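Presented below is the structure to which this report refers.
Here the structure is a predicted model, which is why all the values come from computation and not from measurement. Each residue takes its place number in the sequence, starting with 1.
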Amino acid sequence: MRHRRSGQRRLSVRAILSHTLAISLGVLVTVGGLQARPSLAQAAPVEIAQATPANTAAPNSNPDSFVAAAVRQIGPAVVRIDTERTVTRRAAPMFDDPFFREFFGSDFFGNVNPPARQEVQRGQGSGFVVDGNGLIMTNAHVVANADQVRVTLRDGREFTGRVRGADSVTDLALVEVDTKGERLPTARIGNSSNVEVGDWAIAIGNPLGLDNTVTLGIVSSLGRRSSAVGIPDKRLDFIQTDAAINPGNSGGPLVNSRGEVIGINTAIRQAPGAGIGFAIPVNTAKQIETQLLKNGKVSHSYLGVQLLSLTPQMARDNNRDPNSTVRLPEVQGVLIMGVQRNAPAATAGLRRGDVVIAIDGQAVTTADEFQRRVEASQVGQSLNLSVIRDGNRQQIAVRTGELQAG
């Protein structure tokens with residue numbers, strides 16, 4: 001009996017060890033399998049071609065890789081844009097500091113005038129070909145104040161470019177290159193009005209100096225106002241995406257699953273563990289392109305007011321506050337928070353505290369809606385504003401002016 005029990009114990013131990021070994025091997029195999037599996041974002045055509053043996057099928061034989069198919073469609077038309085600009089600086093910047101000069105007094109400096117020195121600042125961005133004769137779309141901030149512009153295609157061809165036109169308000173620019181008769185591959189332009197939240201979004205460009213980089217995500221929101229993402233000096237309704245966009249991606253295309261351009265990658269908003277990208281809808285870009293080709297610039301209407309969306313509840317809360325210095329009408333409208341001196345709004349007589357409830361007879365309920373109505377008007381056009389001032393309704397006609405880029 002003892003011998004049998006001892007044998008049973010040895011068998012149990014041996015069985016446990018066998019099971020443990022099998023489990024360990026299973027874990028190793030599973031982990032190894034996970035490590036070897038590539039992500040969709042890594043499926044760039046160049047990497048696949050390097051990893052595919054000569055006797056296997058070509059990458060485009062994979063019907064499930066819609067990302068690779070989209071990249072093959074748009075990739076040749078995506079370009080890298082390198083810029084240089086020369087800036088002049090004083091050897092001692094503190095001599096130009098008004099506070100420094102006021103603190104020490106002008107006598108302290110005497111006739112000291114340190115020599116200026118020149119610096120060459122280099123930048124890099126992305127773009128895509130919209131006309132095979134040599135027309136490229138990019139962001140205005142990519143080529144702003146550039147003395148030299150160099151365009152490089154994916155196939156290695158390089159061209160000297162010149163800025164055909166730029167609009168800082170929408171952050172769009174056109175760069176033209178002399179192709180010497182060569183025809184450039186062009187991007188297929190989509191329709192951003194058909195984009196829906198949840199659609200695939202593929203960003204292509206040259207982030208951080210890494211050429212031909214592809215990232216994949218989805219469209220996570222539409223109509224995201226530029227003021228809401230910390231860019232108040234722009235007038236844009238962005239496409240929001242979680243496809244990774246990094247410095248150097250600016251000006252590159254955001255494309256759909258068919259390789260059609262739906263947006264121009266422009267801005268990022270980063271937080272710990274996450275990043276959100278923003279692209280200008282391509283339909284907006286097409287409108288700006290037409291004006292840039294015709295005039296080299298874009299005219300934008302403005303009134304010169306600071307606005308706040310007003311709701312009845314906000315007005316009630318304000319009116320109940322014993323420290324409030326102004327009573328507001330308990331209506332849905334737009335509160336004027338400030339008026340710029342010498343602006344069209346000031347000339348027309350608009351004042352801080354006015355509440356606008358309609359433009360040309362159509363109700364306006366938010367600051368964004370007010371701004372869009374002004375943007376849609378022509379420079380010099382008269383807008384009839386329905387205003388509540390001191391509890392009384394009145395009509396004020398305002399003639400829009402032209403916004404000066406700054």
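Listed here is the closest heavy atom pair of Pro253 and Gly127: CD-O, 4.4 Å. Taking each heavy atom of Ala203 and Ala243 in turn, the nearest pair found is CB-CB, 4.3 Å. Between Asn265 and Leu254, the shortest heavy-atom distance links the atoms OD1-CB, 3.3 Å. Between Ala77 and Ala187, the shortest heavy-atom contact is CB-N, 3.5 Å.
By the 6.0 Å contact criterion, CZ on Arg393 is open, its count of non-hydrogen atoms from other residues, nucleotides or ligands being 12 or less. In the displayed structure, Gln395 atom CD is contacted under 6.0 Å by more than 12 heavy atoms of other residues, nucleotides or ligands. No more than 12 heavy atoms of other residues, nucleotides or ligands sit less than 6.0 Å from atom CZ of Arg327.
With hydrogens and angles left out, the side-chain atoms of Asn295 and Gln291 include no donor and acceptor closer than 3.5 Å. Donor-acceptor pairing under 3.5 Å is recorded for the side chains of Gln73 and Arg188. With 3.5 Å as the limit, one finds a donor-acceptor pair spanning the side chains of Asn133 and Arg183. Between Ser126 and Asn249, the side chains place no donor N or O within less than 3.5 Å of an acceptor N or O (distance only, hydrogens not considered). For the residue pair Ser193 and Asn283, a side-chain donor N or O sits within less than 3.5 Å of a side-chain acceptor on the partner. Judged purely by distance below 3.5 Å, without hydrogens or angles, the side chains of Glu402 and Ser299 pair a donor atom with an acceptor atom.
Inter-residue side-chain proximity for Thr400 and Pro344 is flagged as unmet; no heavy-atom pair is nearer than 4.5 Å. Looking at Leu184 and Arg157, their side chains come closer than 4.5 Å, going by heavy atoms from C-beta outward. By the 4.5 Å heavy-atom criterion applied to side chains, Phe128 and Ile189 are counted as neighbours. Put simply, the side chain of Trp200 does not reach to within 4.5 Å of the side chain of Arg258, judged on heavy atoms. Residues Thr186 and Asp131 have side chains not in contact (no heavy-atom distance under 4.5 Å, counting atoms from C-beta outward). Here the side chains of Ile239 and Val219 are in contact, with some heavy-atom distance below 4.5 Å. Between Val129 and Leu135 the shortest side-chain heavy-atom distance does not fall below 4.5 Å. Between Asn206 and Thr213 the shortest side-chain heavy-atom distance does not fall below 4.5 Å.
Test Val305, Val334, Leu335, Ile336 against Asp354 for side-chain contact (heavy atoms from CB on, under 4.5 Å) and you get one pass: Ile336.
Between Asp237 and Arg372 there is a salt bridge, since a side-chain N of the basic residue sits under 4.0 Å from a carboxylate O of the acidic one. Using a 4.0 Å cut-off between a side-chain N of Lys or Arg and a carboxylate O of Asp or Glu, Lys294 and Glu289 do not qualify as a salt bridge.
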* Show the numbers, then the answer: is there a salt bridge (charged side-chain N to carboxylate O under 4.0 Å, His left out) between Glu369 and Arg225? => CA-CA 11 Å; Glu369 184 181 358; Arg225 196 67 179 167; over 6 Å; no
* Check the pair Arg150, Glu84 against salt bridge (charged side-chain N to carboxylate O under 4.0 Å, His left out), reporting the backbone distance first and the verdict last. => CA-CA 9 Å; Arg150 195 74 180 165; Glu84 290 186 5; over 6 Å; no
* To do: In sequence, state the C-alpha distance, the side-chain angles, and the governing distance for Asn139 and Thr266, and then conclude on side-chain hydrogen bond (donor to acceptor under 3.5 Å, both in side chains).
  => CA-CA 7 Å; Asn139 282 139; Thr266 300; 3.2 Å; yes
* **Derivation and outcome, side chain to side chain contact (heavy atoms under 4.5 Å, CB included), residues Ile280 and Leu172** => CA-CA 9 Å; Ile280 302 168; Leu172 289 167; 3.7 Å; yes
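In this structure, Ser301 has no side chain to side chain donor-acceptor pair (under 3.5 Å) partners at least two apart in sequence or on a different chain.
Interatomic distance, Ile396 CD1 to Arg351 CZ, rounded to the nearest 0.5 Å: 8.5 Å.
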